[in-house]
Amino acid sequence: MTEYDGKEPPEHYDLPEEDDRTELRNGVVRALYALPMHFTSPINVEGIEVNDLFSINTLLGGTIEAQTVMLLNSLRSIWDP
């Protein structure tokens with residue numbers, strides 16, 4: 001949030017260690033941080049003008065979505081206790 005929108009920024013608090021959801025949440029955060037290291041894409045884009053990048057938005061978005069789901073499933077041992 002920005003300072004000029006008139007809203008207070010959210011306050012962060014420590015999660016209770018005895019809550020099972022705390023371990024799940026921490027695992028999901030670790031898995032999300034690990035995604036960039038494991039991300040690969042079969043799409044190779046070469047020779048396209050910057051102005052034309054918007055035209056491949058759907059293709060790239062679909063690939064990123066599919067790869068993210070596949071990676072999260074392969075990292076399940078990290079985020080699903």
Side-chain angles (χ1 to χ4, degrees):
M1 292 187 169
T2 58
E3 293 180 25
Y4 60 82
D5 63 6
K7 296 181 181 177
E8 293 290 324
E11 292 186 29
H12 296 280
Y13 55 91
D14 292 331
L15 299 172
E17 290 296 325
E18 65 275 357
D19 192 340
D20 292 337
R21 294 173 293 179
T22 300
E23 185 179 352
L24 176 63
R25 183 245 178 225
N26 293 339
V28 169
V29 169
R30 284 194 309 271
L32 290 175
Y33 278 122
L35 281 179
M37 291 182 284
H38 298 282
F39 186 83
T40 59
S41 173
I43 297 174
N44 186 16
V45 179
E46 292 181 14
I48 190 168
E49 296 290 327
V50 171
N51 297 337
D52 295 330
L53 285 177
F54 71 92
S55 63
I56 61 171
N57 183 33
T58 303
L59 174 67
L60 292 176
T63 300
I64 291 170
E65 182 179 343
Q67 287 286 317
T68 301
V69 170
M70 186 185 75
L71 283 171
L72 284 174
N73 284 332
S74 69
L75 297 172
R76 190 171 191 130
S77 63
I78 293 173
W79 64 265
D80 191 10

> Do Tyr33 and Leu35 come within less than 4.5 Å of each other through their side chains, counting heavy atoms only?
Replying inline: no

> Under 3.5 Å, side chain of Thr22 to main-chain N/O of Glu17, donor-acceptor pair present?
Replying inline: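 Not confirmed, Thr22 side chain does not pair with Glu17 backbone.
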
Rounded to the nearest 0.5 Å, how far apart are [atom1] of [X] and [atom2] of [Y]?
X: Asn57; Y: Asp52; atom1: CG; atom2: CG; result: 13.0 Å
X: Ile78; Y: Asn26; atom1: CD1; atom2: CG; result: 13.0 Å
X: Leu15; Y: Arg21; atom1: CG; atom2: CZ; result: 9.5 Å
X: Glu18; Y: Glu23; atom1: CD; atom2: CD; result: 13.0 Å
X: Gln67; Y: Ser74; atom1: CD; atom2: OG; result: 9.5 Å

> Any idea which heavy atoms bring Ala31 and Leu75 closest together, and the distance?
Replying inline: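 Answer, listing the atom of Ala31 first, then Leu75: O-CD1, 4.0 Å.
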
ILVMFWY network linking [X] to [Y], side-chain heavy atoms under 4.5 angstrom:
X: Ile64; Y: Val28; result: yes
X: Met70; Y: Leu32; result: no
X: Leu60; Y: Ile48; result: yes

